[in-house]
2 protein chains.
Amino acid sequence: MGTLADHIEAYIKKMLRESQTNSVELSRAQLADDFACVPSQINYVLTTRFTLERGYLVESRRGGGGYIRVGHVQVGDSFEHAIALLQSIGPELDERSMENILASLRDYQVISPRECQVIRGIVQQEVSTVSQGKEILRASLMRSLLFFIIKLEG
Amino acid sequence: MGTLADHIEAYIKKMLRESQTNSVELSRAQLADDFACVPSQINYVLTTRFTLERGYLVESRRGGGGYIRVGHVQVGDSFEHAIALLQSIGPELDERSMENILASLRDYQVISPRECQVIRGIVQQEVSTVSQGKEILRASLMRSLLFFIIKLEG
DNA sequence: CTTTCTCTGACTAATACTGACCTTAGTTAA
DNA sequence: TTAACTAAGGTCAGTATTAGTCAGAGAAAG
């Protein structure tokens with residue numbers, strides 16, 4: 001059967017498939033009304049199902065003319081490995097794991113040696129500026145940079 | 001779609017693009033009349049979208065023959081401009097400042113609308129997953145992503 | 001029975017827009 | 001000369017319209 005959240009998830013994914021642009025604009029209040037639930041239920045669905053790791057981008061704006069935009073990145077087979085690695089990054093990431101991921105991505109030619117070098121430099125620089133939460137920041141940066149590369153090339 | 005403010009913003013930017021001089025002179029009352037709104041709506045658009053932080057200069061004069069002049073600050077080199085903006089990011093970065101930076105980089109065509117969208121989405125997603133240090137993480141991510149783009153293009 | 005997932009509602013925050021009232025600059029006429 | 005009039009634009013507080021957050025209740029799974 002599936003929960004309400006499942007239905008809302010399916011509805012949004014259907015709209016995404018039908019859109020030419022791989023992105024869809026929603027009205028939170030309207031959608032909540034359609035499914036006869038509270039608006040915050042929409043946020044629940046978005047934060048649990050339409051995450052960056054699953055290849056979704058969510059933007060929103062409040063106020064008059066506000067909206068929620070959900071975008072989907074579909075990547076080719078050549079990026080499957082990269083996506084898998086990206087998804088394997090948890091809330092924290094140590095240096096050793098980062099190196100393993102970079103090496104793997106370079107081997108699979110998802111990133112160039114130069115890109116690899118740039119990423120390493122950036123992450124090291126940023127991580128060195130904080131005293132706490134280095135692992136968390138590293139995970140965040142790696143996810144973001146890799147996702148950015150995949151998003152643009154995929 | 002988009003709000004009235006969005007349309008007025010687009011209209012002014014179009015006029016700016018079409019002008020040889022990177023500046024355009026408006027009549028507040030006339031513009032308000034064209035868009036069927038109150039004159040103060042024009043001020044709202046100017047103060048929220050055409051700020052110095054985004055690279056715009058607004059001058060005006062009251063009384064008979066009054067006017068509003070909007071200029072787009074001519075930056076010598078968009079690459080230099082991007083570097084300057086990057087360096088202006090301190091240890092912390094709030095959402096408003098991030099939007100200003102992105103808007104400016106997009107207006108100067110340092111980043112594409114697509115890249116802008118991706119960056120915003122990634123940053124929002126990542127920042128939403130932490131409970132503390134949102135401003136610090138936002139600064140880190142913006143520095144990293146922008147640096148990465150510039151590094152590859154420059 | 002305990003843990004994890006769903007769902008709700010009260011409170012919060014951001015953005016858009018309006019209208020009443022204010023300020024400034026030029027023009028005219030006593 | 002200067003007071004009065006006319007013709008701009010400015011400010012600000014209030015209202016309307018969205019969406020976001022978070023703690024806790026309820027349901028499902030292990």
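Computed from a prediction, not measured in an experiment: that's the story for all the values here. A note on names: the letters A, B, ... follow the listed sequences, proteins ahead of strands, and every chain is numbered from 1.
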### Task
Grab the CD1-C1' distance between B/I8 and C/dT15 for me, whole Å please.
14 Å
## Note on the structure
Rounded to whole Å, the CD-P distance (B/E9 to C/dA16) equals 9 Å
#### Entry: Toward the 5' end of DNA chain D, by each residue's nearest nucleotide, B/S60 or A/G66
B/S60
### Query
Nearest-Å distance, CZ (B/R69) to P (D/dG9)?
13 Å
### Path from B/I119 to A/V58 over hydrophobic side-chain contacts below 4.5 Å
no
### Summary
Rounded to whole Å, CG of A/L31 lies from P of D/dG20 at a distance of 12 Å
### Task
Determine, for A/R96 against A/E99, whether the closest basic-nitrogen to carboxylate-oxygen distance falls under 4.0 angstrom.
no
### Below 4.0 Å: OP1/OP2 of C/dT15 and any side-chain N or O of B/R96
yes
### Message
Would you say B/Y56 and B/D107 are linked by a side-chain donor-acceptor pair, where the criterion is simply a distance under 3.5 Å?
### Response
yes
### Query
So what does B/S27 touch, heavy atoms closer than 4.0 Å: a base, only the sugar-phosphate, or nothing?
sugar-phosphate
### Task
Could you state the atom-to-atom distance from OH of A/Y67 to P of D/dG20 in whole Å?
11 Å
### Shortest side-chain distance from B/R28, nucleotide among C/dG9, D/dG9, D/dG20
D/dG9
### Message
By nearest atom, which of the nucleotides C/dT18, D/dA19, C/dT15 is closest to the B/Q41 side chain?
### Response
C/dT18
### Message
Rounded to whole Å, please give me the gap between CD in B/E99 and P in C/dA14.
### Response
13 Å
### Query
Is there a donor and acceptor pair, one atom on the side chain of B/S40 and one on the base of C/dG19, closer than 3.5 Å?
yes
### Task
Give one of base, sugar-phosphate or nothing for A/I42, where a contact means two heavy atoms less than 4.0 Å apart.
nothing
### Task
Using atom CG of B/L4 as one end and atom C1' of D/dT18 as the other, report the distance to the nearest whole Å.
16 Å
#### Entry: Presence of B/R62 side-chain N/O under 4.0 Å of C/dC22 phosphate oxygens OP1/OP2
no
#### Entry: Atom-pair distance (CD on B/E59; P on D/dG9), nearest Å
14 Å
### Query
Is A/Y44 near enough to C/dT6 that one of its side-chain N or O atoms lies under 4.0 angstrom from OP1 or OP2?
yes
### Task
Could you pick out which residue, B/A5 or B/E95, lies toward the 5' side of DNA chain C when each is mapped onto its nearest nucleotide?
B/E95
### Query
For A/L85, does its backbone N or O pair with a side-chain atom of A/S88 as donor and acceptor, under 3.5 Å?
yes
### Task
Give B/R49 one of three labels, base, sugar-phosphate or nothing, depending on what nucleic acid heavy atoms sit under 4.0 Å from its own.
sugar-phosphate
